[in-house]
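Report on one structure; see the data block that follows.
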Amino acid sequence: MDPLTDAAWQALEHALCSYSKFPVGAALHTADGRVFTGCNIENASYGLTVCAERVALWKALSEGVRAFTEIVVVTNAAKPTTPCGACRQLLWEFCGDIAVTSVTRDGTRLTHPMSALLPYGFDRDSLPLQKPG
Ligand code: THU
C-alpha cells in the first residue's frame with residue numbers, strides 16, 4: 001500500500017463517529033512532501049461534525065502549508081467515498097485542482113481531479129476583490 005493511503009487508514013482508526021458509525025480517514029499530501037491526516041469528528045450537536053478531509057486541511061493550513069498535490073479518503077463503505085459538498089468547496093479554495101483519491105477496504109481506488117468534483121466552482125476569482133498578498 002502506498003504511504004499516503006496507509007496514513008489515511010491509520011487516521012480512520014481515530015474517528016469519533018459514535019453517531020453515524022461511519023469512520024473516515026483522510027491524508028493530504030503537501031507539495032513539499034509532507035502528509036497531514038484527519039478523521040471525522042462528530043459530537044452530540046450533530047451539526048458541528050467535521051469531516052476527515054477538513055480536519056486534515058485545517059491541520060495543514062494552520063501549520064502554514066499552502067501547496068498540496070493529493071488527498072486520499074478511506075472508508076469501510078463498499079463504494080469509494082468522495083468528499084461532501086462543503087469539503088469540495090474548501091479543498092477547491094485552498095488546494096486547487098489536486099487529485100482526490102477514494103479508497104475502499106478491498107483496495108478499489110477512484111481518482112478524480114478536484115475540478116471534476118466541483119466544476120464551475122465559486123472561489124476568490126469569482127469575487128471582484130484584490131487577491132490577498
Ligand atoms: N464524512 C467525512 O468525514 N468525509 C466524507 O467524505 C463523507 C462524510 C463523515 C461525516 C460524518 O461524520 C460521517 O462521515 C457520516 O456522514
Side-chain angles (χ1 to χ4, degrees):
M1 189 186 303
D2 72 287
L4 197 61
T5 304
D6 190 44
W9 284 120
Q10 285 182 40
L12 175 144
E13 293 300 320
H14 302 299
L16 293 164
C17 58
S18 52
Y19 301 96
S20 72
K21 315 280 190 214
F22 188 75
V24 184
L28 183 59
H29 193 262
T30 72
D32 64 2
R34 285 180 285 166
V35 174
F36 288 82
T37 61
C39 60
N40 51 332
I41 301 176
E42 300 177 354
N43 55 88
S45 76
Y46 285 40
L48 293 178
T49 290
V50 185
C51 292
E53 295 91 324
R54 259 176 286 167
V55 172
L57 181 59
W58 292 163
K59 284 168 70 177
L61 292 173
S62 65
E63 298 286 327
V65 183
R66 295 291 183 266
F68 305 93
T69 60
E70 182 176 8
I71 189 167
V72 170
V73 181
V74 300
T75 69
N76 295 325
K79 292 193 302 183
T81 301
T82 52
C84 78
C87 287
R88 292 179 196 206
Q89 180 69 30
L90 292 162
L91 289 168
W92 177 250
E93 164 112 23
F94 294 112
C95 303
D97 203 8
I98 62 169
V100 180
T101 300
S102 305
V103 184
T104 63
R105 280 282 178 200
D106 71 6
T108 302
R109 299 176 74 87
L110 191 63
T111 299
H112 297 99
M114 261 313 303
S115 55
L117 294 177
L118 191 69
Y120 308 106
F122 178 82
D123 57 28
R124 69 182 58 182
D125 293 336
S126 313
L127 296 171
L129 300 172
Q130 293 283 339
K131 288 189 182 168

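We count ligands from 1, going down the list as the structure has it; atoms in each ligand are counted the same way. We count residues from 1, following the sequence as given.
Contacts of ligand 1 (protein heavy-atom distance under 4.0 Å) are S20, F22, V24, N40, E42, T49, C51, A52, E53, T81, T82, P83, C84.
Scanning both residues, L91 and I71, for their nearest heavy atoms gives CD2-CD1, 4.1 Å.
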Go through it in stages, so that I can follow the logic: the residues are T49 and N43, the test is side-chain contact (heavy atoms from CB on, under 4.5 Å), and I'd like the CA-CA distance, side-chain angles, deciding distance and then a yes or no. CA-CA 6 Å; T49 290; N43 55 88; 4.2 Å; yes
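In this structure the side chain of R109 reaches within 4.5 angstrom of the side chain of D2, judged on heavy atoms.
Under a 3.5 Å cut-off, the side chain of E53 and the backbone N or O of C87 do not form any donor-acceptor pair.
Using bins of under 30°, 30° to 60° and over 60° for the plane-to-plane angle, the ring pair F94/W58 lands in the perpendicular bin.
Scanning for side chain to side chain contact (heavy atoms under 4.5 Å, CB included) contacts around P3 gives an empty result, with sequence neighbours left out.
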